[in-house]
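Below is one structure, written out as structure tokens; the observations come after it.
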Amino acid sequence: MFRNQYDTDVTTWSPAGRLFQVEYAMEAVKQGSAAIGLRSKTHIVLGCVNKANSELSSHQKKIFKVDDHIGVAIAGLTADGRVLSRYIRNECINYSFTYESPLPVGRLVVQLADKAQVCTQRSWKRPYGVGLLVAGLDESGAHLYYNCPSGNYFEYQAFAIGSRSQAAKTYLERRFEKFADSSRDDLVKDALMAIRETLQGETLKSSICTVAVVGVGESFHILDQETVEQMINAFDIVGEQEGPAAEPDAAAAAADQGGSTDEGVAPMDI
């Protein structure tokens, strides 16, 4: 993993044209607990896995409300995610106070990416070790963005980040064409199904996942555990009915994932 003299400083280029410190920050995102997002024309749903250090501790919050029309889900170093969510919350407040209108999602994402990029070009700073899925609704419609520690950002129809996220991506790639016209409840169900793909056989329960929704006529909010549990129970019935057909898909997801494990997970990420 170490690259000798080329990974001691974030501003040092390797002969191959790589910044290893930035790549290490991106690796921290892969080791964080999984977070997923998907959107239709009217709604965006965020979901994440709640991972605790031990059975005696609580889990860290992974989904944050930024404004009535924007929320974020994080994977990676939770402390960095908390700082960045506070930054973008302040940006929304300042914009609303100045212009008396909500901050467009695209503009907020660019500001967040610019802040992350500065940390890749200053020797006395380190890159943020967190990836953010930014979900928002503005005049141009529903948006889902991924902000990378490198300062890059991408807009997606659906995406997953964090540990074992490849299985969730496989599920989303099979179904993303239907998301644009999906109802709110169908999006939530697909989000929970994608989360279940990342658990590798562990039973999906409302206590180990968090789901949030924002959409037309619905401000950003986190669904309570009772609602999530009802939806999980609803698809457990569907899963039993579709069990034989679902087995090849599960095998394909396992193959795509390549048998990754949680070995080497950063202790600060919970």
Side-chain angles (χ1 to χ4, degrees), residues 1 10 20-38 45-55 57-66 71-88 109 112-113 115-116 119-120 126-135 144-154 156 158-172 191-192 194-202 204-205 207-212 222 253 256-270:
M1 193 68 179
V10 72
F20 290 115
Q21 287 285 333
V22 176
E23 293 182 17
Y24 296 162
M26 295 167 68
E27 187 65 28
V29 177
K30 296 179 183 178
Q31 293 181 355
S33 55
I36 66 102
L38 55 161
V45 175
L46 295 176
C48 69
V49 177
N50 301 330
K51 186 169 63 176
N53 261 352
S54 73
E55 295 181 0
S57 69
S58 63
H59 62 83
Q60 286 275 19
K61 189 176 180 181
K62 294 286 188 177
I63 295 182
F64 300 92
K65 179 178 180 179
V66 176
V72 298
I74 66 172
L77 186 57
T78 310
D80 285 3
R82 194 168 58 244
V83 168
L84 288 176
S85 64
R86 187 186 305 124
Y87 164 75
I88 58 179
V109 168
L112 182 59
K115 186 175 178 66
C119 296
T120 69
R126 66 161 176 81
Y128 291 103
V130 65
L132 293 94
L133 291 176
V134 182
L144 175 68
Y145 290 92
Y146 169 56
N147 276 80
C148 181
S150 64
N152 289 322
Y153 64 93
F154 309 92
Y156 287 93
F159 197 55
I161 58 176
S163 62
R164 299 193 293 271
S165 61
Q166 184 57 51
K169 289 179 187 176
T170 302
Y171 173 84
L172 295 172
L192 288 170
I195 291 173
R196 188 170 69 175
E197 294 292 323
T198 70
L199 298 179
Q200 285 191 329
E202 186 179 350
L204 178 63
K205 298 180 290 187
S207 59
I208 63 172
C209 65
T210 302
V211 178
I222 297 175
D256 287 341
Q257 184 183 345
S260 63
T261 66
D262 272 343
E263 292 181 5
V265 172
M268 71 285 280
D269 176 67
I270 54 178

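Distance check, rounded to the nearest 0.5 Å: CG of L172 to CD of E197 gives 9.0 Å. Taking CG of N50 as the start and NZ of K61 as the end, the distance is 11.5 Å to the nearest 0.5 Å. Note that SG of C209 and CG of L204 are 5.0 Å apart. Values are rounded to the nearest 0.5 Å. If you take CG on L132 and OH on Y145, they are separated by 14.5 Å, rounding to the nearest 0.5 Å. Taking CZ from F64 and CD1 from I222, the interatomic distance works out to 9.0 Å, rounded to the nearest 0.5 Å. Atom-to-atom distance recorded for F20:CZ and E27:CD is 13.0 Å, nearest 0.5 angstrom.
The two residues G131 and I161 make their nearest non-hydrogen contact at O-CD1, 3.7 Å. In terms of heavy-atom proximity, Q60 sits nearest to R82 at OE1-NH1, 4.5 Å. Here the closest heavy-atom approach between residue A35 and residue A73 is recorded as CB-CB, 4.2 Å. The heavy-atom pair separating A191 from V45 by the smallest distance is CB-CG1, 3.6 Å. The heavy-atom pair separating A158 from L38 by the smallest distance is CB-CB, 3.8 Å. When all heavy atoms of I195 and C48 are compared, the closest pair comes out as CD1-N, 3.8 Å.
Considering only residues two or more places apart in sequence or on other chains, R126 meets the side-chain hydrogen bond (donor to acceptor under 3.5 Å, both in side chains) condition with D80. Listed by chain and residue number, nothing satisfies the side-chain hydrogen bond (donor to acceptor under 3.5 Å, both in side chains) test with K205 (two or more places apart in sequence, or in another chain). Residues passing the salt bridge (charged side-chain N to carboxylate O under 4.0 Å, His left out) test with K65, sequence neighbours excluded: D68. Contacts of Y146 classified as ring pair (Phe, Tyr, Trp, His ring centres under 6.0 Å), with partners at least two apart in sequence or in another chain: F159. With sequence neighbours excluded, the residues forming a side chain to side chain contact (heavy atoms under 4.5 Å, CB included) with P127 are V10, V22, A25, listed by chain and number. Here T120 pairs with nothing under the side-chain hydrogen bond (donor to acceptor under 3.5 Å, both in side chains) rule; sequence neighbours left out. Residues satisfying the ring pair (Phe, Tyr, Trp, His ring centres under 6.0 Å) criterion with Y87, sequence neighbours excluded, are absent altogether.
For the residue pair K62/T210, the side-chain donor-acceptor check at 3.5 Å is not satisfied.
Side-chain atoms of I74 and S85, non-hydrogen and from C-beta on, never get closer than 4.5 Å to each other. Within the 4.5 Å cutoff, side-chain heavy atoms of P149 are placed close to those of M26. Counting heavy atoms from C-beta on, the side chains of L77 and Y128 never come closer than 4.5 Å.
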Evaluate the side chain to side chain contact (heavy atoms under 4.5 Å, CB included) criterion for residues N152 and N147: first the C-alpha distance (whole Å), next the side-chain angles of each, then the deciding distance (0.1 Å), finally the verdict. CA-CA 6 Å; N152 289 322; N147 276 80; over 6 Å; no
Check the pair L144, L46 against side chain to side chain contact (heavy atoms under 4.5 Å, CB included), reporting the backbone distance first and the verdict last. CA-CA 9 Å; L144 175 68; L46 295 176; 4.0 Å; yes
How far apart are the C-alpha atoms of L133 and V72, what are their side-chain angles, what is the distance that settles it, and do they pass the side chain to side chain contact (heavy atoms under 4.5 Å, CB included) test? CA-CA 5 Å; L133 291 176; V72 298; over 6 Å; no
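Distance alone, capped at 3.5 Å, places no donor-acceptor pair between the T198 side chain and the R164 backbone.
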